[in-house]
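Here's the structure, in structure tokens; my notes come after.
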Protein chains: 2
Amino acid sequence: MAMTTLTPAEMAERTGVSLDTLRYYEAEGLLNDVARAENGHRRYSEDDVLWVEVLRCLRDTGMTIEQLRDYCALGAVGPSTKPQRLEILQRHRALVEQQIEERRCALDLIDHKISYYSGEDQ
Amino acid sequence: MAMTTLTPAEMAERTGVSLDTLRYYEAEGLLNDVARAENGHRRYSEDDVLWVEVLRCLRDTGMTIEQLRDYCALGAVGPSTKPQRLEILQRHRALVEQQIEERRCALDLIDHKISYYSGEDQ
DNA sequence: GGTTGACCTGGAGCGCACTCCAGGTTGTTC
DNA sequence: GAACAACCTGGAGTGCGCTCCAGGTCAACC
């Protein structure tokens, strides 16, 4: 069990999240128990990579840092909070579906304007 | 030709955009040639309503104020800028499609986590 | 004619999510 | 052993899109 770890620079490279943002997430409680080398430098695990990818997915679809913090805090408590976490995810899911629908409407409007621009003269 | 106009308060009500934001959009060049009553108060037209709805649609799908300003500025120049405006819309269209795709991926991930939370014990 | 309410202007302030910076430590390289 | 690179911490700064505020005008109502 070689248990590879990543340096901060490697982690940033892998996840596409900047060093500053990784530290910021940790400070905000979104990324807990990050290992340290003897010299105090962070050492990220593959699990950390996966988790940051989840964080980014939720962030990119509009979940706020505060909501993510709540979600993480529940995870830290233990399995007893599964129902609450499930509910957060279900609510967020509904939100994402709403976003898709909103964007579908936007596409209609944009297409309408595009056809106007394409059609008239020339 | 009764040509109804809306007071700022009515406009805010109709569009769901706050008074402050309407003024802000105007100051930023997103909403031009708003009529004024004799006392200097704004009077919005039905066209203004439609245009603000377009602005909101583009804003809500991630177009920045700066890009909207550019788009409006082209419109103000005249019909000669139609190709540029078309291109802006086409680029934005691609972006919105990308957002939809991104959100579809997010749904997959969320569903995956939801089924994990739903499945294990209880 | 005093008060109220809707509006005006210019400019300051705010919340969010980062992003940058100063000053310091540690480990390696010439 | 000097220089450099990678990292550390705490805290300040930034950009965006609003949002709020102070001080003022104007018309209508009691």
Side-chain angles (χ1 to χ4, degrees), chain A residues 4-45 48 51-72 92 95 99 102 106, chain B residues 4-45 48 51-72 92 95 99 102 106:
Chain A
T4 56
T5 59
L6 306 179
T7 66
E10 288 164 348
M11 182 68 169
E13 167 78 9
R14 272 283 292 279
T15 60
V17 174
S18 76
L19 292 173
D20 274 320
T21 301
L22 286 169
R23 280 192 289 262
Y24 168 69
Y25 284 177
E26 198 178 333
E28 293 297 319
L30 273 47
L31 192 49
N32 297 314
D33 307 321
V34 174
R36 298 285 179 138
E38 287 154 14
N39 59 11
H41 292 194
R42 290 175 179 79
R43 290 292 175 263
Y44 296 96
S45 68
D48 290 334
W51 179 240
V52 166
E53 282 165 3
V54 172
L55 288 177
R56 286 309 320 173
C57 171
L58 296 174
R59 272 290 303 126
D60 287 345
T61 51
M63 192 175 283
T64 66
I65 296 292
E66 192 182 2
Q67 290 169 318
L68 284 169
R69 182 167 39 228
D70 292 347
Y71 183 65
C72 293
H92 189 65
L95 204 118
Q99 291 172 357
E102 195 174 309
Chain B
T4 57
T5 59
L6 305 179
T7 65
E10 288 164 349
M11 182 69 169
E13 167 79 9
R14 271 284 293 279
T15 60
V17 174
S18 76
L19 292 172
D20 274 320
T21 301
L22 286 169
R23 280 193 289 263
Y24 169 69
Y25 283 177
E26 198 179 331
E28 294 297 320
L30 273 47
L31 192 50
N32 297 316
D33 307 321
V34 173
R36 297 285 178 136
E38 288 153 13
N39 60 11
H41 291 193
R42 291 174 179 80
R43 289 293 175 263
Y44 296 96
S45 68
D48 290 334
W51 179 241
V52 166
E53 281 166 3
V54 171
L55 287 178
R56 285 310 319 172
C57 171
L58 296 174
R59 271 292 302 126
D60 288 344
T61 52
M63 190 174 285
T64 66
I65 297 292
E66 191 182 2
Q67 290 168 318
L68 284 169
R69 183 167 38 228
D70 292 346
Y71 183 64
C72 293
H92 189 65
L95 202 117
Q99 291 173 357
E102 194 174 309

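In what follows, chains are A, B, ... by sequence order, proteins preceding strands, each numbered from 1.
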Closest to the [X] side chain, choosing from [options]:
{"X": "A/R59", "options": "D/dC18, D/dT9, C/dA17", "result": "C/dA17"}
{"X": "B/Y24", "options": "D/dC7, C/dC18, D/dG17", "result": "D/dG17"}
{"X": "A/S18", "options": "D/dC18, C/dC18, C/dT19", "result": "C/dT19"}
{"X": "B/R36", "options": "C/dC18, C/dC8, D/dT19", "result": "C/dC8"}

Phosphate OP1/OP2 of [N] contacted by [X] side-chain N/O (<4.0 Å):
{"X": "A/R23", "N": "C/dA17", "result": "no"}
{"X": "A/T21", "N": "C/dT19", "result": "yes"}
{"X": "B/R56", "N": "D/dC18", "result": "yes"}

Sub-4.0 Å heavy-atom contacts from residues 6-17 of chain A onto DNA chain D, ordered by number: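 Heavy-atom cutoff 4.0 Å gives A/T7, A/P8, A/A9.
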Reported CZ-to-CD distance for the pair A/R42 and A/E10, which is rounded to 0.5 angstrom: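 Spacing of CZ (A/R42) from CD (A/E10) equals 15.0 Å.
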Donor-acceptor pair, B/E28 side chain versus B/R69 backbone, under 3.5 Å?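 Looks like no, no N/O pair under 3.5 Å.
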Whether the side chain of A/D48 engages the backbone of A/S45 through a donor-acceptor N/O pair (distance < 3.5 Å, no angle test) should be reported.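 Between the backbone of A/S45 and the side chain of A/D48 there is a qualifying donor-acceptor contact (under 3.5 Å).
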Would you mind reading off the distance between [X] atom [atom1] and [N] atom [atom2], rounded to a whole angstrom?
{"X": "B/L19", "N": "D/dC20", "atom1": "CG", "atom2": "P", "result": "11 Å"}
{"X": "A/I65", "N": "C/dT19", "atom1": "CD1", "atom2": "P", "result": "11 Å"}
{"X": "A/E38", "N": "D/dC8", "atom1": "CD", "atom2": "P", "result": "15 Å"}
{"X": "A/L58", "N": "C/dA17", "atom1": "CG", "atom2": "P", "result": "13 Å"}
{"X": "B/M63", "N": "D/dC16", "atom1": "CE", "atom2": "P", "result": "16 Å"}
{"X": "B/R69", "N": "D/dC18", "atom1": "CZ", "atom2": "P", "result": "12 Å"}
{"X": "B/H41", "N": "D/dT25", "atom1": "NE2", "atom2": "C1'", "result": "7 Å"}
{"X": "B/L22", "N": "C/dT9", "atom1": "CG", "atom2": "P", "result": "13 Å"}

Quick one: do A/H41 and A/T7 satisfy side-chain hydrogen bond (donor to acceptor under 3.5 Å, both in side chains)? Show the steps, please. CA-CA 8 Å; A/H41 292 194; A/T7 66; over 6 Å; no
Under 6.0 Å from the CG atom of A/N39, do we count more than 12 heavy atoms belonging to anything else shown?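 Check passes, neighbour count above 12.
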Given DNA chain C, 5'-ward residue of the pair B/R43 and A/N39, judged by closest heavy atom: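 That would be B/R43.
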Heavy-atom pair with the smallest gap, counting every atom of A/C72 and A/G29: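 That closest heavy-atom pairing would be CB-O, 3.4 Å.
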Run through B/V34, B/D33, B/T21 and flag the one making a side chain to side chain contact (heavy atoms under 4.5 Å, CB included) with B/E26.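 Result for side chain to side chain contact (heavy atoms under 4.5 Å, CB included) with B/E26: B/V34.
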Can you spot which of B/V52, B/L58, B/I65 makes a side chain to side chain contact (heavy atoms under 4.5 Å, CB included) with B/L30?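 Exactly one option meets the side chain to side chain contact (heavy atoms under 4.5 Å, CB included) with B/L30, and it is B/I65.
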Ignoring hydrogens and angles, are the base of C/dC18 and the side chain of A/D20 linked by a donor-acceptor pair under 3.5 Å?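 No such pair is found, so the answer is no.
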Taking for each residue the nucleotide of DNA chain D bearing the nearest heavy atom, is the 5' side occupied by A/R42 or by B/E66?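 Its nearest nucleotide being more 5', the pick is A/R42.
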